[in-house]
Amino acid sequence: MYTANPDRYSRMEYRRCGNSGLKLPVISLGLWQNFGDTGKYETMREMILTAFDNGITHFDLANNYGPENGAAEKNFGRILKEDLMPYRDELILSTKAGYDMWPGPYGNWGSRKYLLASLDQSLERMGIPYVDIFYHHRMDPDTPLEETMGALAQAVRSGKALYAGLSNYDGETLKKATEILNRLEVPFVIDQNRYSILDRSPDENGLRQAGIEEGKGLITFSPLAKGQLTDRYLNGIPEDSRIRTDGRFLHESDLPEEKVALLRELNEVAKARGEDLSVMALKWILDKEGVTSVLIGASRAQQILKNLQVLDSRPLSPEELEKIEVIADQIREIEKKHAA
């Protein structure tokens, strides 16, 4: 029988989601990959329990995380039932709906019908009566924003979610959504977006600044750019890497030699700090104003422990930040050239 580490909160830092009362660990665990039917249950369990034993209290899911759709929620629900249910009130559990989930016109986007049905299904898969945060997963260009926000309001009023969140929104739409949710008196506390040294979407689309102005937290995903901001691909592509074994999200063509050479330069900046490139990449995000937490992914428990080294990382100096910006600008130019 699992017994949690009694010192699990001694090292972790917790930050408030904007101006709300809700705190998240600065490192949260996302179950986007490696928690579906293709993963090993014991490995998933080890990762979840290692995370919790080290103060990671927030576990982020979505209805379509797998493969197959719903599999991550089912597997997490089993771990919750067998190991973590005694600690449920110490956990922040989140899920989302907004991407293609089931056939027909009611299993996608942002309608009231889809969001509320999806939340019921997610709760059933995880075996719990409520989630702490329920997100709309992406902007819907066709459904009125009032309808989508009304569905989030209903989720909270029903007791099936404690807080509302938005994912993959831009700054302008976030402000409009905030106005609606304020009017409906819904505790909307956080937005979620991809963000890394190589991907500045929340800055480019105004999301981070809008969140600061509206008092919302920001939780970021893909902080290591699908493994590019690690030492994984600095000296070739390993046969057991995601590129070789999966290929859905990162391809060999994404890593031309001129780009890898620049990633090695970033690695040298990290080495001069006495830390891994992945740790420096996480610290870069956590030093940004408005960021509440960074969502990490993992395929084994050791990766989680390595990422937790960011808790001991010193702030990046102006000189280090300048070096990072120069290198990152060059990498983004290469990416634009290869995408053209």
Result block: side-chain N/O donor-acceptor pairs under 3.5 angstrom for residues 46-53, not counting sequence neighbours:
unit_1: Thr50; atom_1: OG1; unit_2: Glu46; atom_2: O; d: 2.7
unit_1: Asp53; atom_1: OD1; unit_2: Tyr2; atom_2: OH; d: 2.7
unit_1: Asp53; atom_1: OD1; unit_2: Asn5; atom_2: N; d: 2.8

> Between Lys74 and Glu68, is there a side-chain N and carboxylate O pair less than 4.0 Å apart?
Replying inline: no

>> Is it true that Asp60 and Ser94 share a donor-acceptor pair across their side chains at a distance under 3.5 Å?
In response: yes

>> Under the criterion side-chain contact (heavy atoms from CB on, under 4.5 Å), I'd like the reasoning laid out for Lys337 against Glu258: C-alpha separation, chi angles, the key distance, then a yes or no.
In response: CA-CA 12 Å; Lys337 182 177 71 175; Glu258 56 184 334; 3.2 Å; yes

>> Less than 4.0 angstrom from a charged side-chain N to a carboxylate O is my criterion; do Lys176 and Asp170 meet it?
In response: no

> In terms of side-chain heavy atoms, does Tyr195 have a donor or acceptor partner in Asp203 at a distance below 3.5 Å?
Replying inline: yes

> Is a side-chain donor or acceptor of Arg16 paired with a backbone partner of Gly21 at a separation under 3.5 angstrom?
Replying inline: yes

>> For a side-chain contact (heavy atoms from CB on, under 4.5 Å) check, start with the C-alpha distance between Glu90 and Arg8, then their side-chain angles and the critical distance, and finish with the verdict.
In response: CA-CA 11 Å; Glu90 298 180 38; Arg8 57 192 175 276; 3.0 Å; yes

> Does the pair Val269 and Met280 meet the rule for a side-chain contact (heavy atoms from CB on, under 4.5 Å), with working shown?
Replying inline: CA-CA 9 Å; Val269 178; Met280 185 181 76; 3.7 Å; yes

> Is the number of heavy atoms from other residues, nucleotides or ligands under 6.0 Å of Glu213 CD greater than 12?
Replying inline: yes

>> Under a 3.5 Å cutoff, is there a donor and acceptor pairing between the side chains of Arg232 and Ser278?
In response: no

> Any chance OH of Tyr106 has more than 12 other-residue heavy atoms, nucleotides or ligands included, within less than 6.0 Å?
Replying inline: no

> Below 4.0 angstrom, N of the basic side chain to O of the carboxylate: do Lys40 and Glu42 qualify?
Replying inline: no

> Looking at Leu218 and Ile190, what are the two nearest heavy atoms and their distance?
Replying inline: N-CG1, 4.2 Å

> What closest approach, in Å, do Asp37 and Ala71 show between heavy atoms, and which atom pair accounts for it?
Replying inline: OD1-CB, 3.4 Å

> In terms of the angle between their ring planes, are His137 and Tyr99 parallel, tilted or perpendicular, with boundaries placed at 30° and 60°?
Replying inline: perpendicular

>> I'd like to check the side-chain contact (heavy atoms from CB on, under 4.5 Å) partners of Glu257; sequence neighbours left out, ordered by chain and number.
In response: Val260, Ala261, Arg264

>> Run Ser313 and Arg273 through side-chain hydrogen bond (donor to acceptor under 3.5 Å, both in side chains) and show every step you take.
In response: CA-CA 9 Å; Ser313 180; Arg273 289 170 52 82; 2.9 Å; yes

>> Take a 6.0 Å sphere around CD of Gln309 and say whether it holds more than 12 heavy atoms from other residues, nucleotides or ligands.
In response: yes

> Can a donor-acceptor pair be found between the side chains of Asp199 and Ser201 at a distance below 3.5 Å?
Replying inline: yes

>> Using a 3.5 Å distance criterion without hydrogens, assess whether the side chain of Ser28 forms a donor-acceptor pair with backbone atoms of Leu295.
In response: no

>> Looking at Glu320 and Lys283, is any side-chain nitrogen of the basic one under 4.0 Å from a carboxylate oxygen of the acidic one?
In response: no

> Are any of the side-chain nitrogens in Lys336 or Glu333 under 4.0 Å away from the carboxylate oxygens of its partner?
Replying inline: yes

> Just by distance, with hydrogens left out, do Tyr114 and Asn63 show a side-chain donor and acceptor under 3.5 Å apart?
Replying inline: yes

>> The test is side-chain contact (heavy atoms from CB on, under 4.5 Å); show your working for Thr292 and Ile219 and say whether it passes.
In response: CA-CA 6 Å; Thr292 302; Ile219 184 167; 5.6 Å; no

